[in-house]
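Just below is one structure, and these are the notes that go with it.
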Amino acid sequence: MNPVSFEPKQMDHVQIGERRFVKLLSSEKIQARITELATAIREDYSDKDPLFIVVLNGAFMFAADLIRACELDCEIQFIRLASYEGTTSSGVVQQIIGMQIPVAGRHVIVVEDIVDTGRTMDAFTRDIQESHPASISVVTLLLKPETLEYPFESAYVGFEIPDAFVIGYGLDLDGRARHLEDIYQLEDEEQA
Ligand code: IMP
């Protein structure tokens, strides 16, 4: 796979191999929305000593900015999930890097980069629920409402976006483009 290439002084699109991505969300817009999310979370959790569970890899950049902006006394745990299609339609979500901090009685905030079908968050929150947290909520930077197949409700959604593959700000294509500060979406072949 080719490295990400930019047109000089023109960051409206990026090219990865054959694929062209166009800018969807600027860094300024992302940071402004994170400030709003952090303010809401701070108000809701100021006396709750929350446990943030950050879902690697994609949420690393969002989590770093969001949790700093929250300015809350808190604990942070990183996990890594892998999804496997089982013989049933519900699928299985396995923890590759698992939980080390007990969640019983804790106010848990799961930090996710993007909710697509919702399968990962549905499975993971049900998993966490079995350990009897005091409460559990999910903050996701992005949500694709058109592709949602599992129940997902959250007061903390950064942006609802169309059904197109996105990269940047932690989100990758085969490990590429995570470092970009803006978010780009795969260009519709017909528009190219
Ligand atoms: P879900 O289980 O279908 O909701 O998928 C969630 C996971 O799929 C996310 O945590 C991402 O790792 C990955 N994912 C879904 N859509 C995208 C995308 O547009 N770009 C990059 N990763 C994505």
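These figures come from a predicted structure and were not determined experimentally. Just follow the structure's listing: the first ligand is 1, and inside any ligand the first atom is 1.
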Under 3.5 Å: donor-acceptor pair, side chain of R33, backbone of K29: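 A pair under 3.5 Å: no.
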Flag, side chain of K144 to backbone of T117, donor-acceptor distance under 3.5 Å: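 Not at all, since once roles are kept as given, no pair shorter than 3.5 Å links the two residues.
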Heavy atom of K144, distance to ligand 1 below 4.0 Å: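 A heavy atom of K144 does come that close to ligand 1.
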Mutual orientation of the aromatic rings belonging to H107 and Y45 [parallel < 30°, tilted 30-60°, perpendicular > 60°]: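 Ring orientation of H107 relative to Y45: perpendicular.
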Has ligand 1 got any nitrogen or oxygen that is less than 3.5 angstrom from a nitrogen or oxygen of [X]?
X: G118; value: yes
X: E112; value: yes
X: V166; value: yes

Side chain, backbone, both or neither: L173 near ligand 1, heavy atoms under 4.0 Å: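 Answer for L173: neither.
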Verdict with supporting geometry, I161 and Q185, side-chain contact (heavy atoms from CB on, under 4.5 Å): CA-CA 10 Å; I161 62 167; Q185 77 173 44; 6.0 Å; no
Atom indices of ligand 1 within 4.0 angstrom of L171 heavy atoms, with elements: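 Those atoms are 21 (C), 22 (N).
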Contacting atoms of ligand 1, where contact means under 4.0 angstrom from a heavy atom of T120: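 In order of number, 1 (P), 2 (O), 5 (O), 6 (C).
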Test applied, side-chain contact (heavy atoms from CB on, under 4.5 Å); reference residue, F62; option that passes from D113, V111, L142: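 The side-chain contact (heavy atoms from CB on, under 4.5 Å) with F62 is passed solely by V111 among D113, V111, L142.
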CG on L56 to CZ on R80, rounded to 0.5 Å: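 Interatomic distance, R80 CZ to L56 CG, rounded to 0.5 Å: 7.5 Å.
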